[in-house]
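Since this is a predicted model, take the numbers as computed values, not measurements. Values reported hereafter were calculated over all heavy atoms of this structure, with side chains retained and with hydrogens, waters and symmetry mates removed. Whatever order the structure lists ligands and atoms in, that order sets their numbers, starting from 1.
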Amino acid sequence: MERMFVVALLLLTTHAVLAIAAGPSVIIVGAGFSGISAAKTLSDAGIKDFLILEATDHIGGRIHKTNFAGINVEKGANWVEGVNGTEVNPIWVMANELKLRRFYSDYDNISSNTYNQEGGLYGSSEVGKAIEESESIHSDGEKLSARLPPSGRSDISILTMQRLKNHVPTSALDMVVDYYSYDYEFAEPPRVTSLQNTVPLPTFARFGESVYFVADQRGYESVVYHVAHQFLSTDKASGAINDPRLKLNKVVRHISQSSTGVTVTTEDGSVYKADYVMVSVSIGVLQTKLIKFEPDLPSWKILAVYQFDMAVYTKIFLKFPYTFWPEGTGTEFFLYASERRGYYPVWQQFEKQYPGANVLLVTVTDEESRRIEQQSDEETKAEAMEVLKKMFGPNIPDATDILVPRWWSDRFYKGTFSNWPIGVNRYEYDQIRAPVGRIYFTGEHTSEHYNGYVHGAYLAGIDSANIMIKCIKHGFCKVQIKDKDS
Ligand SMILES: Cc1cc2nc3c(=O)[nH]c(=O)nc-3n(C[C@H](O)[C@H](O)[C@H](O)COP(=O)(O)OP(=O)(O)OC[C@H]3O[C@@H](n4cnc5c(N)ncnc54)[C@H](O)[C@@H]3O)c2cc1C
Ligand SMILES: *[C@@H]1O[C@H](CO)[C@@H](O)[C@H](O)[C@H]1NC(C)=O
Ligand SMILES: *[C@@H]1O[C@H](CO)[C@@H](O)[C@H](O)[C@H]1NC(C)=O
């Protein structure tokens, strides 16, 4: 009798093991870098029964090249940020493996390349002083940040820190230096950005202070394809991914879950069922109703998602018949100091990156981005030309072409990258990533330390997949989030 029981139990166990070997199945929503890296991590762990649903016609998401006046430029991510530090940035490793064409960004000489609102350069010692002062306030801010309690309850904005140090930028020059130090990185002003969570920034503290500009005709997206090719089948002749587990042009609109599984419905009416789902869409998209969850996400989750910021960073490319700006060592970056903070402030010329193309890049963010997205490209071109004429005189040629990416208006992005606002503590941040039943979350906005970056997206994909794997394979499904008061 006892023996019989043992046999039956053994049979049962074998059966259960077989069932696990056949499943589980996972649907990944979004084929940006985090979605691709999550899928690769699942695949490496033996979970090969997955389906990636991507809304657009390409993988890579916010890492995306586009043809502009005959050259491929990056309308999304452009730099490998955080190089030459104590830890190695995994994206830097890929860039080396792929021999991506890339250029060290040298901002050292910016004090000699800062223009007055009405034209003419500021004296380099005057700008140098403004930069030094800003940097010294910043390092004071680092010390202050280190003394804030980990609960986050006493977090302050970068602007509050500046007020405490009696340094609030008000002149056109101080404002453009301030913009270049903060907005140009975070795409939101110091008034918004959390001191505790961005000063110092883990990306630069760990991976190094250097940033490298990728200007490769294959596109920065090569890093995403590099990872994708390692686990998705590829057509030998064309090099195109032809894996049936990747489905492009599939806009997910509905995700429902029950105790037994998930059902995902796309805009074209297709219905997919799986055991789990991994959602990798941007936090901007999560803040809209593009995807309906059923049952609704719990309120702790919704609050965490809605509190974080999706910032907007707009890279406007302009093409000219010939160059009229300074070239040579130490001239790549230049600033325009307007009384209107953030008005066409940071410029870059590409004599090294795109020789002979006669292309300039000007970057705007936040409110200027939103304003510019809503006007015609002709209007934007006219504004940019007016600023260029202030800097270089009235006799410069008109731009022959302009590229204005519209990430904020795009329902699949709703902005460019997340920024950590004042008032969100670590506990609330971790809740953005926390799974809800069978629904898991990834994306740069869930990255442990590197939200907003390419490496953040890549590493977040690995981390979120590992959280799922731990649950599926080892039964550890309860995610530990440190309490805000600990
Ligand atoms: C203009 C700009 C400049 C940047 N500059 C830099 C830089 O220089 N250096 C740097 O490190 N980082 C930079 N970043 C940030 C970096 O690009 C992102 O952090 C990273 O690419 C995000 O990857 P992700 O997988 O989290 O999100 P995404 O790339 O947004 O991937 C999510 C995917 O989900 C898809 N999707 C959305 N909705 C749906 C839906 N309903 N159904 C199915 N699919 C959907 C999207 O199409 C997308 O492909 C920049 C970003 C932008 C936009
Ligand atoms: C790192 O720094 C060293 C010394 O400053 C420099 O020579 C080298 O080129 C840098 N390397 C990278 C990858 O930036
Ligand atoms: C700095 O920029 C100025 C003005 O563009 C230029 O003349 C000078 O050569 C540059 N200096 C260095 C060290 O690159």
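For Tyr450 and Phe207, the ring centers sit closer than 6.0 Å to each other.
Every atom of ligand 1 with a heavy atom of Gly61 under 4.0 Å away is listed here by number and element: 29 (O), 48 (C), 49 (O). Which parts of ligand 1 touch Leu53 is read off a 4.0 Å heavy-atom cut-off, strictly below it: atoms 43 (C), 44 (N). Each of the following atoms of ligand 1 lies closer than 4.0 Å to a heavy atom of Glu81: 7 (C), 8 (O), 9 (N). Each of the atoms 25 (O) of ligand 1 lies under 4.0 Å from some heavy atom of Phe33. For ligand 1, the atoms closer than 4.0 angstrom to any heavy atom of Gly452 are 12 (N), 14 (N), 15 (C), 19 (O). Near Val29, meaning under 4.0 Å from one of its heavy atoms, ligand 1 places the atoms 42 (N), 43 (C). For ligand 1, the atoms sitting less than 4.0 Å from at least one non-hydrogen atom of Ile291 are 41 (N), numbered in the order shown with element in parentheses. Per-residue contacts place Gly32 under 4.0 angstrom from the following atoms of ligand 1 (heavy atoms of the residue considered): 25 (O), 29 (O), 31 (O), 33 (C), 49 (O).
Scanning the protein heavy atoms around atom 26 (O) of ligand 1, the nearest turns out to be Glu444 N, 2.8 Å. Scanning the protein for heavy atoms near atom 25 (O) of ligand 1, the closest one is Ser34 OG, 2.7 Å. Looking only at protein heavy atoms, the nearest one to atom 35 (C) of ligand 1 is Glu54 OE1, 3.3 Å. The protein atom (non-hydrogen) at minimum distance from atom 20 (C) of ligand 1 is Ala457 CB, 3.8 Å. Nearest protein heavy-atom neighbour of atom 36 (N) of ligand 1: Val281 CG1, 3.7 Å. The closest protein non-hydrogen atom to atom 52 (C) of ligand 1 is Thr416 CB, 3.7 Å. Scanning all protein heavy atoms for the shortest distance to atom 45 (C) of ligand 1 gives Ala55 CB, 3.5 Å. Closest to atom 28 (P) of ligand 1 among all protein heavy atoms lies Arg62 NE, 3.5 Å.
At distances below 3.5 Å, not a single donor-acceptor pair connects side-chain atoms of Asp243 with backbone N or O atoms of Leu232. No donor-acceptor distance shorter than 3.5 angstrom exists from the side chain of Arg62 to the backbone of Val454, with no hydrogens or angles considered. Remark: side-chain polar atoms of Ser43 are not paired, donor with acceptor, to backbone N or O of Ala39 under 3.5 angstrom. Side chain of Arg102 to backbone of Leu100: a donor-acceptor contact under 3.5 angstrom is found. Ser447 contributes no side-chain N or O that, together with a main-chain N or O of Glu444, makes up a donor-acceptor pair within less than 3.5 Å.
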Atom pairs and distances, ligand 3 N/O vs protein N/O under 3.5 Å:
residue  : atom   : partner : partner atom : Å
ligand 3 : 2 (O)  : Asn109  : ND2          : 2.2
ligand 3 : 2 (O)  : Asn113  : ND2          : 3.3
ligand 3 : 2 (O)  : Gly330  : O            : 3.4
ligand 3 : 5 (O)  : Asn113  : OD1          : 2.7
ligand 3 : 11 (N) : Asn109  : ND2          : 3.0
ligand 3 : 14 (O) : Thr329  : O            : 3.3

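Between Gly60, Gly30, Ala77, Pro405, it is Ala77 that holds the heavy atom closest to atom 6 (C) of ligand 1. When Asn78, Val454, Val252 are ranked by how near their heavy atoms come to atom 16 (C) of ligand 1, first place goes to Val454.
No hydrogens or angles considered: nothing links the side chains of Thr314 and Glu373 as a donor-acceptor pair under 3.5 Å. One side chain, Ser105 or Trp79, offers a donor N or O that lies under 3.5 Å from an acceptor on the other. A side-chain donor-acceptor contact under 3.5 Å links Glu97 and His226. Side chains of Thr263 and Lys273: a donor-acceptor N/O pair is present below 3.5 angstrom, by distance only. Side-chain polar atoms of His455 and Thr203 form a donor-acceptor pair below 3.5 angstrom.
The shortest N or O to N or O distance between Trp79 and ligand 1 is below 3.5 Å. Residue-to-ligand polar distances place Tyr453 within reach of ligand 1: an N/O pair is separated by less than 3.5 Å.
Geometrically, Arg433 does not engage Phe441 in a cation-pi contact, judged by NZ or CZ lying under 6.0 Å from the ring centre and within 45° of the ring axis.
The closest approach between Lys75 and ligand 1 falls below 4.0 Å for a heavy atom of the residue. Heavy atoms of His58 come nearer than 4.0 angstrom to ligand 1 in no pair at all.
Of all the heavy atoms of Phe417, the ones lying under 4.0 Å from any atom of ligand 1 belong exclusively to the side chain. Using a 4.0 Å cut-off between heavy atoms, Arg253 makes no contact with ligand 1 at all.
Residues meeting the ring pair (Phe, Tyr, Trp, His ring centres under 6.0 Å) test with Phe417, sequence neighbours left out: Tyr313. Under the rule for a ring pair (Phe, Tyr, Trp, His ring centres under 6.0 Å), Tyr306 has no partner lying at least two apart in sequence or in another chain. Evaluation of the ring pair (Phe, Tyr, Trp, His ring centres under 6.0 Å) rule for Tyr344 yields no partner, not counting sequence neighbours.
Only one option out of Phe392, Trp347, Trp325 pairs with Tyr115 in a ring pair (Phe, Tyr, Trp, His ring centres under 6.0 Å); it is Phe392.
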Kindly determine whether Glu54 and Lys247 satisfy salt bridge (charged side-chain N to carboxylate O under 4.0 Å, His left out), including the steps that lead there.
CA-CA 6 Å; Glu54 164 59 43; Lys247 296 208 180 303; over 6 Å; no

Phe103 vs Phe213, ring pair (Phe, Tyr, Trp, His ring centres under 6.0 Å): CA-CA, chis, key distance, verdict
CA-CA 5 Å; Phe103 299 84; Phe213 185 92; 7.4 Å; no

